Amino acid sequence: MKIKSDWILPDLKAAQKRTKKAVPYINHFELEDYVRYIGKGKKYYISTFGCQANQRDSETLAGILDAMNFEPSESPEKADVVLINTCAVRQNAEEKVLGQVGNLKRVYRENKDLVIGVCGCMAQEEKLVHTIIDKYPQVRLMFGTHNIQDLPNMLYKVMYQHERLIQIYSKEGEVYENLPVHRFGNNKAWVNIMYGCDKFCTYCIVPYTRGKERSRTMDEILKEVNELKNDGYKEITLLGQNVNAYGKDLSADYDFATLLAKVAETEIPRIRFMTSHPWDFSDAMIDAIAKYDNIMPFVHLPMQSGDTDVLKKMGRRYTAESYKTLFDKIKNRIPGVAISTDIIVGFPNETDEQFQHTLDMVNYCKFDNCFTFIYSPREGTPAAKMEDTIPMEEKSKRLAILNQTWNKYALEKNKQYEGKVVKVLVDGPSKKDPSTFTGYSPENKIINFTGENIKAGDFVDVYIERAKTFSMDGKALCYNKNK
Ligand code: SAH
Ligand code: SF4
Ligand code: F3S
């Protein structure tokens, strides 16, 4: 397939470089007249894979499309523009995306005006982009994580000049404030506090797909939180690949603990944050979580492995011992805190003994929730070049043992709630059983419950009758809309 001269293709080597150059902040977004009405009478559909950063980006994509007068569509079949916002973190995430792009071929055959766009983290990967260029002609637009603000202009070119356009920058550009946003939730909202990642854990593609760490200013974040509060939002989640690094690129007076305190003082009812790395998790952060009632007693603390040598090879910058010390400190200083984690099994050459150390750690920490993965080599990362002698069958076996182990503790933890009352922020009727409602406790536990006159966004006191591994069942006692 011929590469056109005006295409911009990703380059992982360039994406790996970091410079000290200050990042410009752009506060102004305005649509030019030639793109403002191109969505009139047309519809869009966005499909989102991956983490919360991608969810939040999709809300910006939707906001920009709304501003161009497009309307949302319930299905890709009825849409004029379909955007697939992709994740590159593991091979199976990529396979899911390619499956969906493949399925859209049929829709494209029936509507040759359909614009199918692929964006997000997979678009930042060289090999993947070439695969799409060669094998998926139905994809007419590809752009990356650094230029979503150019969507109007890119769409205009594809729609009116009948081009196939690929525009992927390998380096982060400006931090854009005030891009339009169409929030998908009415009660819970994502708030970016920083973009990118500089940790370069050896297995991870994110620092290449998301660029260097760039923090938003405290003023902008607080403005957004206050607006959300005034709009009636009940919960916000502060987002960053590693929130502990917040502000370090801006000035010495900026840190995450200070930001947490200031966000808490807005008095928005519930505050969460994602993700905090065990390295650099400061005492001041623990104090802030303990001090403010509206910062939820829940910490996601990715461990990855319980073996110090594996952690070193992963480039995680902490040891099994220091993880344990931090874990104990958080448990002891924040009453009732729940802690969840991420674990990778089958990192190149992980021995039985090293895997056993991970299990030992799970037996010690008894996590409330675990997200467990088989290591997936990502091209361009240092770990992908490591020789690996562990067969996939063995890795799958380890994953099953790990899951069995943590599931047991998750159930045990949830059992401690039986007979107690928890305050639930209601998401709405349960998808599985519309006669019951579902929502989350402060500790991020999923609670399904029965009750009357309840709607999404209410705070409800729920009496827990039965604990399960992944959720709990109960009944509403009373509800208080405002707290
Ligand atoms: N910034 C977050 C993680 C984002 S990716 C943090 O550091 O905690 C979410 C999780 O995916 C990681 O915690 C890790 O457990 C997993 N992950 C990342 N790269 C992976 C890979 N190559 N193979 C398997 N799991 C991976
Ligand atoms: Fe990936 Fe590590 Fe950055 Fe998390 S901190 S996004 S695991 S490189
Ligand atoms: Fe996936 Fe990109 Fe998030 S790789 S996990 S969508 S930052």
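Please read these numbers as outputs of a predicted model, since none were measured by experiment. Numbers for residues simply follow the sequence, beginning at 1.
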Between T258 and D255, is the side chain to side chain donor-acceptor pair (under 3.5 Å) condition met? List the steps.
CA-CA 6 Å; T258 313; D255 65 29; 2.6 Å; yes
Step-by-step side chain to side chain contact (heavy atoms under 4.5 Å, CB included) determination, V424 to F459
CA-CA 5 Å; V424 174; F459 283 101; over 6 Å; no
Should [X] and [Y] count as side-chain neighbours, where that means a heavy-atom distance under 4.5 Å?
{"X": "E443", "Y": "M296", "answer": "no"}
{"X": "Q167", "Y": "L141", "answer": "no"}
{"X": "Y323", "Y": "L301", "answer": "yes"}
{"X": "R398", "Y": "E350", "answer": "yes"}
{"X": "F200", "Y": "T381", "answer": "no"}
{"X": "L402", "Y": "F355", "answer": "yes"}

Using the ring of [Y] (Phe, Tyr or Trp, six-membered ring only), decide whether [X] places NZ or CZ under 6.0 Å from its centre and within 45 degrees of its axis.
{"X": "R90", "Y": "F373", "result": "yes"}
{"X": "K313", "Y": "F347", "result": "no"}
{"X": "R317", "Y": "W279", "result": "yes"}

Nearest 0.5 Å, what's the CD-CD1 distance between Q149 and I64?
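One finds 7.5 Å between CD of Q149 and CD1 of I64.
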Output the distance between atom CD1 (I133) and atom CH2 (W7), rounded to the nearest 0.5 Å.
5.0 Å
Is the shortest distance from a Lys or Arg side-chain nitrogen in K223 or E220 to a carboxylate oxygen in the other one below 4.0 Å?
yes
Centres of the [X] and [Y] rings: under 6.0 Å?
{"X": "H300", "Y": "F371", "value": "yes"}
{"X": "F273", "Y": "F256", "value": "yes"}
{"X": "Y25", "Y": "Y176", "value": "no"}

Not counting sequence neighbours, which residues clear side-chain contact (heavy atoms from CB on, under 4.5 Å) with N349? List them please.
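Partners of N349 by the side-chain contact (heavy atoms from CB on, under 4.5 Å) criterion, ordered by chain and then number, come out as D388, T389.
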